[in-house]
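Here's the structure, in structure tokens; my notes come after.
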Amino acid sequence: MRMPSRLAAAALATALAAGTASSALAQGDAKVLKVVPHSNLAILDPIWTTQYMVRNHGYMIYDTLFGTDEKSQIRPQMVESWTVSPDNRLWTFKLRPGLAFHDGSPVTGEDVIASLARWGKRDTMGQKLFTFVQRMDSPSPDTFRIFLTEPCGFVLEALGKPSSNVPFIMPKRVAETPADKQIEDYTGSGPYVFKRDEYKPGEKAVYVKNAKYVPRKEPPSGTAGGKNVYVDRVEWILSMRDPQTQVNALRKGEIDILEQPAFESYAALKEDPGVVIVNNNPLGFQYMLRFNHLHKPFDNAKVRQAAIAALNQEAFLKAQVGIKEFYKPCPSMFTCGTPYGSAKGSDIQSKSNMKKAQELVKASGYDGTPVVIMKPTDLASITKLPDVAAQLLRQAGFKVDLQSMDWNTLVSRRAKKDPPAQGGWNIFATAWVSPDIWNPLTNAAINASCDKAWFGWACDADIEKLKDQFARETDEAKKKQLAEAIQVRAFEVGTHAPLGEYVNPAATRKNVTGLVTGPGNFYWNIKKN
């Protein structure tokens, strides 16, 4: 029997999704949740990019093997049970019953294996996990196994990774898409179905309740627990980018949730009795400035160090956030206040001043090459960071070319290895949620595996050797020492510059309840009364 093509399968899934939507809305009293997300949604493959909008899109339509609860504990999600062999080299997982993709086909171990294999080629933690993986197989439809070459202490942490890149489970036919190519079929098994026929980049993305989804029985917590859906339809309003327009729409009840208000908007929002401020991500974010290690001037570690010395965190936080209780300087490349947070090695930045930075620039051999800084114009949470970076780097002695563009253009451009003068780049700023950067295996900016590293392509054999030791170590005290050694080396080679930490609470209408605490914006458990 001839198997359906990928396009035919995609068309079938879209037709089923349209049928689900029609059924829900035909009732006439469908509950619609209208959301202004923090950015535009232009990419739809959550494995291809670390962009948080795409991660959030992924959580709408896909499910995960494990989740991470709000106390940072790993919990089973699609997995019902698992066993580990006495030598810790064979992991056997059984899927829970009732798992089905949106097109009606059951989720099998073969789907899981294909999904993990593709994720393992793109994600920093996945890449490290797969250095331990000998092979995977599926002895029965509801079972999959992972055979390791040697014991590995972070299998569950990797499979339950809560943020970018999340190991979402896709149908095998989709997961077999090459890792360097974006998927074209958005069939998932999660709590919502993506309405491809209503999707308009820059305008709107629509999701409808997956009526056949079987949630876990545990209470929701982080990315774990029961993903119960209490609305029929979620609309992401992508076109509303002006902060004042967002505030007006929320106050009038034209939208229900504003994911990340501009920091200058909080004063007005707090005054409105119909609006509630909800900090559903108390661990917050860390700002970061990333260098391109491939091209001048930042192909030179001494130049990168000189730039880091100029990047005073307080200047960035005051300009971008401005609300003192929402931010704090943090000398660590790993989240402050978590087990691996440390000031070790950070003196080049935390104890520097502009005079010192100017001296380092002169001593570094910097030859006056213009520094191309990409500035996003439509992402309120980070849009001022490039301006501060440009000002500080100019004061230190760098020539700066500040180039403005929308965030999705920046995301596409940062993946290019072209020289800056030919459409490439030297610097971009971003923000990471706490779980993405709180240890050496999750922190993409610490990845120094050259061509396989995150955008910027840091390359350092010493960091990678230390990470290998960290991955094998089981003693927590020794892991702490290794994390500090990795950070010391990362500051020495100038992988990136941490810019401090902050929170950016959501704003909702008073009749909206149930926002889940976690590192992303999740739309299960939400009720609209």
Side-chain angles (χ1 to χ4, degrees), residues 3-4 6 8-17 19-20 44-47 55 57-68 74-83 91-120 123 126 136-146 155-156 158-162 165-177 183-194 196 207-218 220 223-229 522 524:
M3 294 296 291
R6 180 178 296 170
L12 174 62
T14 300
L16 287 167
T20 305
L44 299 174
D45 184 348
I47 304 303
R55 174 205 62 190
H57 161 80
Y59 271 116
M60 296 294 280
I61 64 177
Y62 302 110
D63 215 341
T64 58
L65 298 170
F66 289 84
T68 301
I74 301 295
R75 304 295 183 196
Q77 190 60 32
M78 298 175 79
V79 167
E80 180 179 65
S81 60
W82 69 98
T83 60
W91 292 68
T92 304
F93 302 88
K94 183 178 181 181
L95 298 172
R96 64 187 177 95
L99 299 177
F101 290 110
H102 298 151
D103 60 8
S105 61
V107 178
T108 70
E110 294 290 343
D111 298 308
V112 171
I113 289 171
S115 297
L116 292 180
R118 184 169 187 263
W119 165 77
D123 178 70
M136 298 183 289
D137 72 7
S138 178
S140 63
D142 67 348
T143 303
F144 69 96
R145 299 186 297 187
I146 300 177
V155 173
L156 297 186
L159 300 184
K161 189 173 187 277
N165 297 94
V166 178
F168 292 118
I169 303 305
M170 303 176 178
K172 180 181 178 183
R173 67 173 187 272
V174 180
E176 287 178 339
T177 302
I183 61 172
E184 298 175 355
D185 178 344
Y186 310 107
T187 305
S189 67
Y192 287 95
V193 176
F194 178 54
R196 178 69 183 270
Y207 306 84
V208 294
K209 179 179 180 178
N210 177 10
K212 296 181 180 179
Y213 181 74
V214 180
R216 294 189 68 91
K217 299 185 185 302
E218 300 93 338
T223 63
K227 297 179 179 179
N228 292 285
V229 174
F522 311 128
W524 53 84

With no hydrogens and no angle check, is any side-chain donor or acceptor of [X] less than 3.5 Å from a backbone partner on [Y]?
| X | Y | result |
| --- | --- | --- |
| Ser105 | Phe101 | no |
| Lys209 | Val229 | yes |
| His102 | Thr187 | no |
| Glu110 | Lys172 | no |

What do the steps show when you test Val193 against Tyr186 for side chain to side chain contact (heavy atoms under 4.5 Å, CB included), and what is the final call?
CA-CA 9 Å; Val193 176; Tyr186 310 107; over 6 Å; no
Does the ring center of Phe66 lie less than 6.0 Å from the ring center of Trp82?
yes
Is there a side-chain contact between [X] and [Y], using heavy atoms and a 4.5 Å cut-off?
| X | Y | result |
| --- | --- | --- |
| Phe93 | Thr83 | no |
| Ile169 | Leu65 | yes |
| Ser189 | Tyr62 | no |

Under the side-chain hydrogen bond (donor to acceptor under 3.5 Å, both in side chains) test, which residues partner [X], sequence neighbours left out?
| X | result |
| --- | --- |
| Glu218 | Arg216 |
| Ser81 | none |
| Asp137 | Arg135, Arg145 |
| Thr143 | Ser140 |

At what distance, to the nearest 0.5 angstrom, does CG of Asp123 lie from CD1 of Ile47?
7.5 Å
So, taking the atom named CG in Asp185 and the one named OG1 in Thr177, what distance separates them when rounded to the nearest 0.5 Å?
8.0 Å
Residues two or more places apart in sequence or in another chain: which of them pass side-chain contact (heavy atoms from CB on, under 4.5 Å) with [X]?
| X | result |
| --- | --- |
| Arg75 | Asp69, Gln73, Ala224 |
| Thr223 | Tyr59, Thr68, Pro162, Phe522 |
| Pro167 | Leu116, Trp119, Lys161 |

Under the salt bridge (charged side-chain N to carboxylate O under 4.0 Å, His left out) test, residues paired with [X] that sit two or more places apart:
| X | answer |
| --- | --- |
| Asp45 | Arg118 |
| Arg55 | none |
| Asp63 | Lys227 |

Minimum heavy-atom separation for Pro220 and Gly226, please, with both atom names.
CB-O, 3.4 Å
Minimal heavy-atom distance between Val174 and Met170, with the atoms involved, is CG1-SD, 4.0 Å
With sequence neighbours excluded, what pairs up with Tyr207 under the ring-ring contact (aromatic ring centres under 6.0 Å, His included) test?
His57, Phe194, Trp236
